[in-house]
Amino acid sequence: MFPWVYEFRWTTGHLLFLGIFFSVLLTIGLTVVRAAWKTYRDFQDQKQEHLSWKADFEDLSPLARSCRHEISGKVRRRSCPNEFDCRVCANHRVTAGRLPSAGPPARRGADAGFCGLDVPLDRLYHRGHTWVKEEREGVYLIGLDDFASRLIGPPDQVDLPAPGTRLQANGKGWRMRRQSTIVRILSPLDGEVIGQGGAQQGWYLKVRADSRGNKMDHLLRGEEVRSWVLRELERLQMALATDGVGMSLADGGELVYDVTLQDPHADWDSVLGEMFLQA
Amino acid sequence: MEQKNKARYGMVVDLDRCTGCGNCMMACAVENNLAPAEKKANDRTGITWMRVYAMNNGKAFPAAETVFVPMACQQCDKETPCIAVCPQNAVDRDPGSGIVGQVPQRCLGCRYCMTACPYHARYFNWSDPSWPAGMEKALNPDVAPRMRGVAEKCNFCHGRWHAARARAAAQGRSEPDPADYIPACVESCPSRAILFGNLDDAGSEVAKACQEGNCFRFLARLDTESKVYYRSAKPWVREMAEGNRMPSGKDGNLS
Amino acid sequence: MIEQTLPRLPVESAPAHTIRDWKAMEKKWIPRGLPRCSPGRFYAWLAPWLLLLAIGAYAMYLCFAEGLQHTNMDNRFAFGLWIYLDLTVIALGAGAFFTGFLFYILRWKEMTAVINAAVVLGFICYSSAIAILLVDIGQPLRAWFTFWHPNVHSMLTEVTFCLSCYLTVLAIEYLPVLLKNRKLRQVPLFLVFEYELHRVMPVLAGVGTFLSFFHQGSLGGLYGVLHGRPFAFREALGIWPTTFFLFILSAAAAGPSFVLLMARLTQFLSRKQLVRAEVFAQLGKVSGTLLLFYVLLKTLDTMLWINRIYPQTGFSPYSFYAEPSFGTWVLLLEIIGLGLVPALFLVNPRMREKPWVLTLMAFLACSGVAFNRFVMTVQTLALPTLPFDRFLRYVPSWQEVAAFLAVLAYGVLLYSFSFRYATLFPQERDLRNQ
């Protein structure tokens, strides 16, 4: 094994065999140490939220991972390769550049109702069912959209991050509990929490956004929001069907408030996980 | 690394002289501290470094003939099967004497060497060796008893080899006198069927004997260059021994 | 005292007081969206295997405490059921390295459907092989001696080194599967480490492939180098006997078949579709092609063996097959019945489309490799070498069988746990939605 161990011989066979053995051992060891070191670095660089989301994203169902431009019918089948971060997506720049809808959010109008849901277009939407609305320069309100509020119903508990906490887009925003189901809500933007709201206020977090360029590019806006809501209703229907919930949203039916109450024995854990992009 | 042998010890066993009395087996067991067989041991689990087998020519009376074959480790010289396979160098061949030795303290009991040996000369300690009360006083102090779970085999009485070397050293010689080193089985054979000595010493009795025409080795065609020769005047014995197996079904018994 | 307006979430850490609470908690460990049976049924399924494990553990204890006298092995039949079992599970466990090779090195994306299952199966096979080896050797506490003064010319040294290295690799490959468990992944450290491990996985898959080549080969070499045993001995190509290469090839052929078979068995037992039919067909195709190649080489090797090694060693060609229980049918069954037949069926695209044909042929391919290992271990030892020897018989003792069953039970338990609490078949959720 080692030259100082009795019966070690300096023969070609020994050198070759032990050389290969130690190389293999070294490779395995270095690989694991590298993974551990990178993990340490990721935590140093505050990348854990991003990487967790990346890992979660891989485990989402293919339908949940569709590109926003596929949903709005601008492109044919495309699965998002950037974990919903359109800010780094070259395809998005190309596709969105051609679109007229890439302007500033529209004003809240009378057409806010859509499929029985309240979907005002004066704000931006995140794929994890939160909306972002500018309160004043650089300060944004974050809330649950109507779809999500109806799904969860009145939360039994809300675990909001304390003011001062840094949020990362697609990272963990806050957690809500309804009966025994805990839902993790994704943060729609990068920034620092400066205020806490609640279900009564209509918004949950007040956030001072990081001043980086094109920071809102990953959020849904304008017309595409509606096609996305349609897609989400479709996904919900599918989740309800496969998870044996004894009900379905008939065509034209409206999503009632607090769906959870309708069937307490159903697998809400699974349905909510699917809709809130949890792995 | 592989240095030239100073000596190459070997045996010539005269099968025509062997009466199958089993004295060699007894002497071997006493010399080498082989524990008495366990109650449930049989001919396949007991330990006998030296074992006398019976070999017959498979013919019916009156042509039936049987010889007894004392068989211990054949001390293979070339590509010794058990040495090559041992994963942790627990079997070695002493370049000074050509004797294939076993290091029981290093053996981990994988039994690969036993699979490799075509002569079935290797034995395994299937249970803890134990001696009846009082018998431990009869143990040979020159040979360490082996523990459970290791392989062992004949090593031409290495206790005697070491004793002979010690005596030679005391007399100021580097090599022992051949007459001073005789394994227990050789010594105990009442019909003097076993010759022992240095095969490389052209003048020795054993070197001359192994050159004779009726001398042969078991399974010679497996090319193991064993150092235990046999001799017999009967042609069928030589023919069978060298590896030409007779058709199955008419073979002899384990003694 | 100011009342805390925003209560923490106590639910997850609250101790379970009732069976219902416990059930709800247990459910949180199961991957989301994968229906699994009730915990009661699950633990009832485990009970008989736990019993087998306990009996086996007692048998192993007997061997540790009182030596191998509890086995029916003897000085002549020095290898028995356990070594046979080792060779077989390691050959079948080759599915792990070969699927990993296809997925990470050749980048066959469709293998993602079975890679986790293959890794878990590989880990089970290799860990049980090492466990049973430790019982099999007479002095388990000296197992490390091989590392300390290795005889680099021994095939067993190569096997020991590769096996322990590869088990380490498999354990590292298994880790991400566990860390991705629904509950464990909530710990950010685990998920990030899993992510980083996943990124270096191709390196480990490469190392695993390299190690597998060597130890599968060395296990074949184990018998091929026995020049004292003409039945097993084969001439060398380079420094390795031909069995070295045949074992690599047959293990690589059987591995995908075994993964296929186990996935099918899981589908059957869980009454769910877990893997797309194309992936099964792909596995069958790989397995069949390699098997065909193997059968070709094995035939060639057998011809050379009969015509060159037999005459050289002075053993008549028929003496090995003259015994009543091991006639020439052994050779025919091994090469044709369990080699050529499944190979031909598996390379035929039309036959692969029929699920039951695919499953049956994968089973035959696995049995073929198991049978080859049986012949190499048992027939080699049963055949006499000395002219006055007899053909030997060996029947394993209950302790040997119990240890064997315990290893099987360990495999079933680990596999069941992995299937319940980890995602072994990533396509399961999509297939459910269709």
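Order of the sequence lines fixes the chain letters, A, B, ..., with proteins taken first and strands second; residue numbering starts at 1 for each chain.
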Hey, are B/Tyr230 and B/Gln74 close enough side-chain-wise for a donor-acceptor pair under 3.5 Å?
yes
Go through the structure and list residues passing salt bridge (charged side-chain N to carboxylate O under 4.0 Å, His left out) with B/Arg122, not counting sequence neighbours.
none
Are a donor atom and an acceptor atom from the side chains of C/Ser154 and B/Tyr112 found within less than 3.5 Å of each other?
no
Any idea which of B/Pro118, B/Pro81, B/Pro87, B/Gly109 has the most non-hydrogen atom pairs under 4.5 angstrom with chain C?
B/Pro87
Could you have a look at B/Arg106, B/Met71, B/Met114 and say which one has the most heavy-atom pairs with chain C under 4.5 angstrom?
B/Arg106
Most chain B-contacting option - heavy-atom pairs closer than 4.5 Å, from C/Thr146, C/Ile83, C/Leu381:
C/Thr146
Please tell me whether B/His120 and C/Thr385 have a donor and an acceptor in their side chains that are separated by less than 3.5 angstrom.
yes
Using atom types as modelled and distance alone, determine if a side-chain donor or acceptor of B/Arg44 lies under 3.5 Å from a backbone N or O of C/Asp74.
no
Looking only at B/Leu222, B/Thr224, B/Asn89, most heavy-atom pairs under 4.5 Å shared with chain C are made by B/Asn89
B/Phe216 ring centre to B/Arg238 NZ or CZ under 6.0 Å, with the angle to the axis within 45°?
no
Those residues of residues 216-230 of chain C, ordered by number, that approach chain B below 4.5 Å (heavy atom to heavy atom):
C/Gly221, C/Leu222, C/Tyr223, C/Val225, C/Leu226, C/His227, C/Gly228, C/Arg229, C/Pro230
May I ask you to name which of B/Thr45, B/Thr115, B/Ile47 has the most heavy-atom pairs under 4.5 Å with chain C?
B/Thr115
Distance in Å, C/Thr88 OG1 paired with C/Met376 CE, rounded so as to fall on 0.5 Å steps
12.5 Å
With a sphere of 6.0 Å drawn around CZ of C/Phe245, does it hold more than 12 non-hydrogen atoms of other residues, nucleotides or ligands?
yes
Assert top hit (heavy-atom pairs under 4.5 Å, partner chain B, pool C/Val152, C/Thr157, C/Ile137) equals C/Ile137
Around atom NZ of B/Lys234, are there more than 12 heavy atoms of other residues, nucleotides or ligands at under 6.0 Å?
yes
Below 4.5 Å from any heavy atom of chain B, which atoms of C/Thr71 appear? Answer side chain, backbone, both or neither.
side chain
So what's closer than 4.5 Å to chain C heavy atoms on B/Ala84: side chain, backbone, both or neither?
backbone
Are B/Arg231 and B/Asp16 close enough for a salt bridge, meaning some N to O gap below 4.0 Å?
no
Which answer fits B/Cys110, side chain, backbone, both or neither, if we ask what part of it has an atom under 4.5 Å from a heavy atom of chain C?
both
With a 6.0 Å cut-off (strictly less than), is the heavy-atom count around CE of B/Met147, excluding the residue itself, greater than 12?
yes
Non-neighbouring partners of C/Asn372 that pass side-chain hydrogen bond (donor to acceptor under 3.5 Å, both in side chains), sequence neighbours left out
C/Glu334
For chain C, which residues from residues 148-157 of chain B lie under 4.5 Å away (heavy-atom distances)?
B/Arg148, B/Gly149, B/Val150
So C/Tyr166 and C/Tyr126, would you call those rings parallel, tilted or perpendicular, with 30° and 60° as cut-offs?
perpendicular
Side chains of C/Ser250 and C/Arg373: do they bring a donor and an acceptor to under 3.5 Å?
yes
